[in-house]
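Worksheet for the structure shown next.
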Number of protein chains: 2
Amino acid sequence: MPKEATIINNNRLIKLLKQNGLSITDSRKKILQLFLEQDGALSHGDIEKRAGEKFDRVTVYRTLQVFVDKGIVHTIPTADNSIRYALCKDECGEGHHHDHHIHFVCDTCNTTYCLDDVVTPEIKLPKGYSAGHVEVVVEGVCKNCQ
Amino acid sequence: MPKEATIINNNRLIKLLKQNGLSITDSRKKILQLFLEQDGALSHGDIEKRAGEKFDRVTVYRTLQVFVDKGIVHTIPTADNSIRYALCKDECGEGHHHDHHIHFVCDTCNTTYCLDDVVTPEIKLPKGYSAGHVEVVVEGVCKNCQ
DNA sequence: TAGAAAAAAGCAACATTGTTGCAAAAGATA
DNA sequence: TATCTTTTGCAACAATGTTGCTTTTTTCTA
């Protein structure tokens, strides 16, 4: 493993946590790193069972909660009762998420992607309903599984 | 309670179950009735704790599974790890769901609605991705809570 | 409509997932 | 480095799903 890359990565992790007013701890760095080195989204279980790392379940729950609160990651609803988490872009911060992109779940490899370039469409609601957040999840076959 | 309405309802329940090749049982009729007399969607917990009825948890799980398999109800993903179930329209059947409508979750009363008249939009995906099903969940304030 | 065969319900035991309080450990601060 | 604050990890618990098996209910057919 390249030592330099690890150091750079470590600085990036620390910077990200500090930016969000969080204290620097091993668990937070390790979990954040999982997200950074990962293309798709992660579920709680993914993180907990991550090879080589033994995270306490409670720590994972609490860390993810903090990350969501601070706008570092956002949640992605799924139809199988397993919330996925993915890194937010810069516009997100404490108390306000701005996730206007759609999510994509691959039927084949089951990876969940944030398609940051695809903006959620305007939805015309029936009279009486007022819209807040719009969540779009597309299920299909991803670029790696075609 | 009007007796006639109950009888009519009962016939409707039996018809619905028979149409889908299911045997007529008390649990199935009661759970199906909950959906019919309900505007929004129901979670597993909603059904299990329904006042006046004591359903065995296993029965509820198995019944919902059968209903989903037969295309009687469909699932609605949520961001809080609690799958909601709602009645399908006629076009759904065994092995194929055709839910092209969007779903709406009210922030205030937390009810989940199927907005059958609002069709899911076309989503333009990046190169390499092919779309199957598109799920849209809008969160906001419903007609009853304005 | 009774009796046999098939299907479903109910129960118990278990597995997984999520929550809470608290003591110990680690991080921040001066 | 000493002290204060925050976070972690543990234990105990609660809630949610799952599985196998026995009993009950439904269906089918004579």
Side-chain angles (χ1 to χ4, degrees), chain A residues 10-34 41-50 52-70 72-73 75-85 94 110 112, chain B residues 10-11 13-35 41-50 52-70 72-73 75-85 94 110 112:
Chain A
N10 193 47
N11 287 342
R12 183 175 171 194
L13 294 171
I14 291 175
K15 192 179 158 198
L16 248 167
L17 291 172
K18 278 217 175 126
Q19 271 177 358
N20 288 283
L22 296 177
S23 45
I24 316 300
T25 71
D26 276 3
S27 310
R28 285 174 183 167
K29 283 199 292 183
K30 282 175 185 166
I31 292 174
L32 194 50
Q33 176 139 32
L34 287 179
L42 294 168
S43 70
H44 175 97
D46 291 337
I47 295 168
E48 206 180 314
K49 286 153 204 156
R50 213 64 184 188
E53 300 291 347
K54 279 283 167 239
F55 294 113
D56 186 79
R57 193 148 36 101
V58 181
T59 301
V60 176
Y61 280 118
R62 291 200 268 228
T63 303
L64 286 174
Q65 190 55 58
V66 169
F67 283 3
V68 171
D69 290 346
K70 293 292 184 180
I72 299 174
V73 303
T75 57
I76 305 168
T78 63
D80 68 337
N81 265 1
S82 71
I83 295 177
R84 304 289 181 112
Y85 299 83
E94 183 158 15
N110 207 31
T112 302
Chain B
N10 193 46
N11 287 342
L13 294 170
I14 291 174
K15 191 179 158 200
L16 248 167
L17 291 173
K18 280 217 175 125
Q19 271 177 357
N20 289 282
L22 296 177
S23 44
I24 317 301
T25 71
D26 277 2
S27 310
R28 284 175 183 168
K29 282 198 292 182
K30 281 175 186 164
I31 292 175
L32 195 49
Q33 176 138 32
L34 286 180
F35 281 108
L42 295 168
S43 70
H44 175 96
D46 292 336
I47 295 168
E48 206 180 314
K49 287 154 205 157
R50 212 66 184 186
E53 301 290 350
K54 278 282 166 243
F55 294 114
D56 186 80
R57 194 146 36 102
V58 180
T59 302
V60 176
Y61 280 116
R62 290 201 267 229
T63 302
L64 286 174
Q65 189 55 57
V66 168
F67 284 2
V68 171
D69 290 347
K70 293 292 184 180
I72 299 175
V73 304
T75 57
I76 305 168
T78 63
D80 68 337
N81 264 3
S82 71
I83 294 176
R84 304 289 180 111
Y85 299 84
E94 183 159 13
N110 207 30
T112 302

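Within every chain, numbering begins at 1; the chains are lettered A, B, ... in the order of the sequence lines, protein sequences first and strands thereafter.
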5'-most contact on DNA chain D (nearest-nucleotide basis), B:D26 vs A:T25, goes to A:T25
What are the two closest non-hydrogen atoms of A:N10 and A:K29, and how far apart are they?
OD1-NZ, 3.3 Å
Just checking B:R62: base, sugar-phosphate only, or nothing, at a heavy-atom cut-off of under 4.0 Å?
base
For A:E48 and D:dT8, give me the distance from atom CD to atom C1', rounded to whole Å.
15 Å
Need to verify one output field. Residue with the more 5' nearest nucleotide on DNA chain D, B:K18 or B:Y61?
B:Y61
Please report the shortest heavy-atom distance between B:E48 and B:F55, naming the atom on each side.
CG-O, 4.1 Å
Send over the distance from A:L64 CG to D:dT7 C1', rounded to a whole Å.
15 Å
Which of these nucleotides, C:dA12, C:dA9, D:dT27, is closest to any side-chain atom of B:T63?
C:dA9
Nearest whole angstrom, please: distance from the C1' of D:dT25 to the CD1 of B:I14.
15 Å
Whole angstrom value for the distance that separates C1' of C:dG10 from CZ of B:R28
14 Å
Paired with A:L32, the side-chain contact (heavy atoms from CB on, under 4.5 Å) test is passed by just one of A:V73, A:I14, A:L22, A:L16, namely A:L16
Just how far is it from atom OG1 of B:T112 to atom CG of B:L42, taken to the nearest 0.5 Å?
9.5 Å
Where the side chain of B:K49 is concerned, which of D:dT16, D:dT7, C:dT20 is the nearest nucleotide?
D:dT16
note: A:K70, atom NZ; D:dT6, atom C1'; distance rounded to Å ~ 12 Å
Please state how far atom NZ in B:K30 lies from atom P in C:dA9, giving the value in whole angstrom units.
11 Å
Between C1' of C:dA8 and CZ of B:F55, the distance in whole Å
14 Å
Taking all atoms of both residues into account, what is the closest heavy-atom pair of B:Y85 and B:F35, and its distance?
O-CE2, 3.2 Å
With sugar-phosphate meaning primed atoms plus P, OP1 and OP2, does A:R57 contact a base, only sugar-phosphate, or nothing at under 4.0 Å between heavy atoms?
base
From the set C:dA9, D:dT7, D:dC10, return the single nucleotide nearest to any side-chain atom of A:D56.
D:dC10
Side-chain N or O of A:T59 less than 4.0 angstrom from OP1 or OP2 on D:dG9?
yes
From CG of A:D69 over to P of D:dT7, roughly how many Å is that when rounded to an integer?
12 Å
Does OP1 or OP2 of D:dT7 have a side-chain N or O of A:S23 closer than 4.0 Å?
yes
